[in-house]
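Quick notes on the structure that follows.
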Amino acid sequence: MRFTAFTFNILLLCASSLGITSFLNSNDQSRFKDILLSGLNSDDAGSLDYAIRGLTFLEFDIPNKDSLCQKLKTKLESQTTETLFHVGKASASLSCALQLSNTQKEKLETTITATNGVSEIFLATGALSSFGITLDAPKVLKALNTALKKDDSISSLGQAFQVASLLDGDVSSVFGRIEDVVVQADQIDGKMLQFEGGLSVTALVISGAYKLANTVGQAPFISKEQANKFAEYFVSRKSVQTVKGVYYLLEATSVLADNAFHIPVAITLASKAAVSKSEPKFQVKVTNILGKGLGSLTIIADSATRTLDDAVVLSQKQLTPKDGLFELDLMSSNPGKGVYRVALSASSSEDTRLVGNVGAIVEVKVLTKIAIEETEIGTADSDQSTAAKLRKIIYPKKLDGSLEADSHQKLILKFLLRDTLTKELVTVHQAFVRLTHRESQQEIFFVAEPDVNDAYKFDLDLATKAKDFLYLSGHYSMDLIIGDAVIENPTVWQIAELQLSFITPSAGQPKSSKAAEMYQMKPEIKHMFREPEKRPPGIVSNAFTLLAIFPFVIFIVLVSRLGVNFSSLSFSLSALGFHLSIGGIFVLFVSFWLYLNMFQTLKLLVVIAIPAFVSGNYMLTQIAAKRRGATKQN
Amino acid sequence: MTASVTSVVAKFYEEYSKTTPSKLKLIDAYLFYILLTGIVQFLYCCLVGTFPFNSFLSGFISCVGSFVLAACLRLQVNPENKGQFEKISPERAFADFIFAHMVLHLTVMNFIG
């Protein structure tokens with residue numbers, strides 16, 4: 001376990017050490033203050049405690065101290081260790097001078113046993129120490145270590161660190177476990193470290209570890225990179241909304257802003273991110289995680305690398321301090337336009353605790369001004385029978401008079417874009433030509449393409465593009481639009497007025513613009529109910545009904561031809577009952593079809609079926625007996 | 001060809017009238033009646049489509065079911081088959097027939113809609 005942790009840390013040291021990317025600024029702190037002040041109104045000991053201690057971290061003057069002390073006093077006789085813990089911590093923070101009764105004191109001292117678990121030991125020791133009662137260090141330590149054997153989850157270890165930091169004597173058994181805990185941290189995005197359980201667990205562990213390290217006087221087994229990454233995690237959680245969350249964040253960041261071993265440094269851009277010839281300097285702020293200064297520092301820009309082609313434009317240049325910030329004149333190194341990543345390092349002659357102070361990256365854009373040169377505009381015949389007639393225009397003037405063109409001509413525009421800093425021809429992200437029809441304000445955009453020598457040419461064949469214009473002839477105005485991420489002066493230049501005429505392919509009005517058509521009323525949709533199925537005419541179905549009943553007649557005829565033996569029809573009770581019951585069932589089924597439901601039918605069926613069964617059984621046995629008698633006789 | 005067919009049919013009819021007991025002839029007449037009804041229903045469906053499909057099905061299945069039950073009754077009651085149906089007396093067969101019919105008609109009535 002120790003070996004793997006050791007190699008892991010060695011590997012981390014090889015990686016570059018980046019600082020934290022932001023800090024808790026005054027906006028964040030005032031937001032925390034508001035959240036904590038709302039917590040002061042609560043009646044729950046936990047919320048009160050977190051609010052009071054949080055505001056103490058922010059060095060804010062807590063109002064109504066007496067009423068708060070009274071509220072806490074009413075909770076002194078509580079039966080739970082947790083409430084006493086919160087009351088103790090809060091009253092110590094407010095200096096309420098509350099006293100624990102002897103019974104409560106003894107109850108807390110007896111709670112400190114291994115069987116009660118690490119959490120109870122943490123709450124009891126915290127409560128006792130905040131009321132100024134000295135702890136029996138060997139007893140507490142023994143109980144703590146035994147309890148940790150059973151439960152060494154991350155939050156228990158965090159609580160154990162907090163307990164051990166309150167004890168005198170040899171707490172190295174607990175101190176050694178810091179390394180076990182840190183290895184269990186999860187890395188996010190390669191930039192942050194946290195523990196499973198989120199903000200409260202991570203804050204508990206980190207503040208406990210550093211407090212314990214302060215008590216023991218030895219650096220905790222947390223590397224500089226890890227300290228930075230934990231700090232980065234805390235800074236990323238600054239949008240927390242709950243009183244408890246804000247307290248934990250403030251506790252952890254206060255520890256990281258002021259402990260004897262690791263102080264994470266935040267190097268952030270404090271001015272506009274763009275520099276240009278007129279504003280050549282940018283400023284950075286170097287602070288700790290709470291935004292406070294770090295004493296006298298030397299800030300050096302190790303390198304400035306252009307992202308486009310990795311060209312390095314400066315190295316090892318020191319920044320000059322100015323009004324609490326540090327500034328650098330980037331333009332003096334003659335960088336070209338582009339986005340640059342500047343690597344900064346902060347070092348202090350006195351303070352050896354700084355971490356994350358080497359290689360912090362700040363992104364700065366260098367802007368340049370563009371000049372539009374050698375602009376020429378004109379028309380030429382599409383079939384290239386005559387040479388193009390081009391007229392020169394100088395930016396920002398407009399062409400005199402109006403240029404006429406029709407369907408068998410081409411419109412040509414040529415221009416060059418030059419970077420005023422480097423005096424070279426450049427291409428930009430956006431070089432558009434916009435033509436706007438005067439009356440209808442219909443617009444159409446085209447893109448001007450650069451050739452291999454970076455000379456821009458715009459060539460519009462009116463015959464082929466007439467459809468895009470919707471054949472709308474008339475007075476057009478032409479604008480040239482130049483835009484890019486790294487130029488100072490994006491431009492819209494009204495170049496010329498044009499008179500364009502198109503031939504519509506079919507005689508008649510040009511179509512109204514597609515846009516207008518799209519927004520007209522559409523035809524109304526009428527809902528169509530499901531059409532009923534086609535039925536045959538009544539005559540056919542009636543005829544077939546009769547036809548279906550007809551075979552019964554045939555049956556009767558056949559039966560009569562066969563000769564039914566009516567004489568042996570006995571009118572005994574059973575026979576009568578049977579036939580009546582069967583007839584009743586028949587009637588029941590017809591009424592089931594017509595108006596009964598299944599349940600009623602089944603009920604009635606059971607009622608009629610019983611006599612039917614009984615009488616039928618009797619009748620059939622009689623017939624059987626008669627038949628056997630007859631066959632015996634034969 | 002047709003002459004032999006007609007003579008076979010005539011012979012069969014004669015044999016049939018003489019040898020079959022009248023009880024069986026009764027059942028046969030019943031079977032014939034059921035058959036005709038089923039055919040009429042099927043013709044109607046072919047002619048005008050299956051519009052209330054559930055009604056057509058219930059009517060047709062009633063015919064088919066009755067036909068099958070009557071055929072079973074004929075088998076069980078036939079004295080020539082006595083050897084195979086020793087445990088089941090004709091009266092018992094008739095009782096089964098009636099019971100099965102009750103169930104069939106309950107289902108048919110439910111489904112007829």
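In what follows, every chain begins at residue 1, and chains take the letters A, B, ... in the order their sequences are listed. Atoms considered below: every heavy atom in the structure, side chains included; atoms not considered: hydrogens, waters and symmetry mates.
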Interatomic distance, [X] atom [atom1] to [Y] atom [atom2] [nearest 0.5 angstrom]:
X        : Y        : atom1 : atom2 : value
B/Ile34  : A/Phe552 : CD1   : CZ    : 10.0 Å
A/Leu602 : B/Leu106 : CG    : CG    : 6.0 Å
A/Phe544 : A/Phe550 : CZ    : CZ    : 14.0 Å
A/Ile585 : A/Leu580 : CD1   : CG    : 11.5 Å
A/Phe589 : B/Met109 : CZ    : CE    : 7.5 Å

Task: A/Leu472 vs A/Phe502 side-chain heavy atoms within contact, under 4.5 Å - done: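 Contact flag for A/Leu472/A/Phe502 side chains = no.
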- [ ] State, yes or no, whether a side-chain contact exists between A/Leu596 and A/Leu588 at a heavy-atom distance under 4.5 Å.
- [x] yes
Task: Proximal to chain B - members of residues 604-613 of chain A, heavy-atom separation under 4.5 Å - done: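 So far as heavy atoms go, A/Leu605 are the residues that approach chain B to under 4.5 Å.
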- [ ] Tell me, for A/Leu547 versus chain B, whether the close heavy atoms (under 4.5 Å) come from the side chain, the backbone, both or neither.
- [x] both
- [ ] Can you sort out the partners of A/Val447 under side chain to side chain contact (heavy atoms under 4.5 Å, CB included), two or more places apart, ordered by chain and number?
- [x] A/Phe432, A/Glu449
- [ ] Apply side chain to side chain contact (heavy atoms under 4.5 Å, CB included) to A/Ile582 and list each qualifying residue two or more places apart in sequence or on a separate chain.
- [x] A/Phe578, B/Ile98, B/Met102
Open item on the list: Quick check for you: among B/Leu43, B/Val108, B/Val40, which has the greatest number of heavy-atom pairs under 4.5 Å with chain A?
Closed with: B/Val40
Got a list of the donor-acceptor pairs under 3.5 angstrom between chain B and chain A?
residue, atom, partner, partner atom, Å
B/Glu91, OE1, A/Arg627, NH2, 3.1
B/Glu91, OE2, A/Arg627, NE, 3.4
B/Gly113, O, A/Trp593, NE1, 3.0

Task: A/Leu558 vs B/Leu26, side chain to side chain contact (heavy atoms under 4.5 Å, CB included): CA-CA, chis, key distance, verdict - done: CA-CA 8 Å; A/Leu558 280 174; B/Leu26 185 64; over 6 Å; no
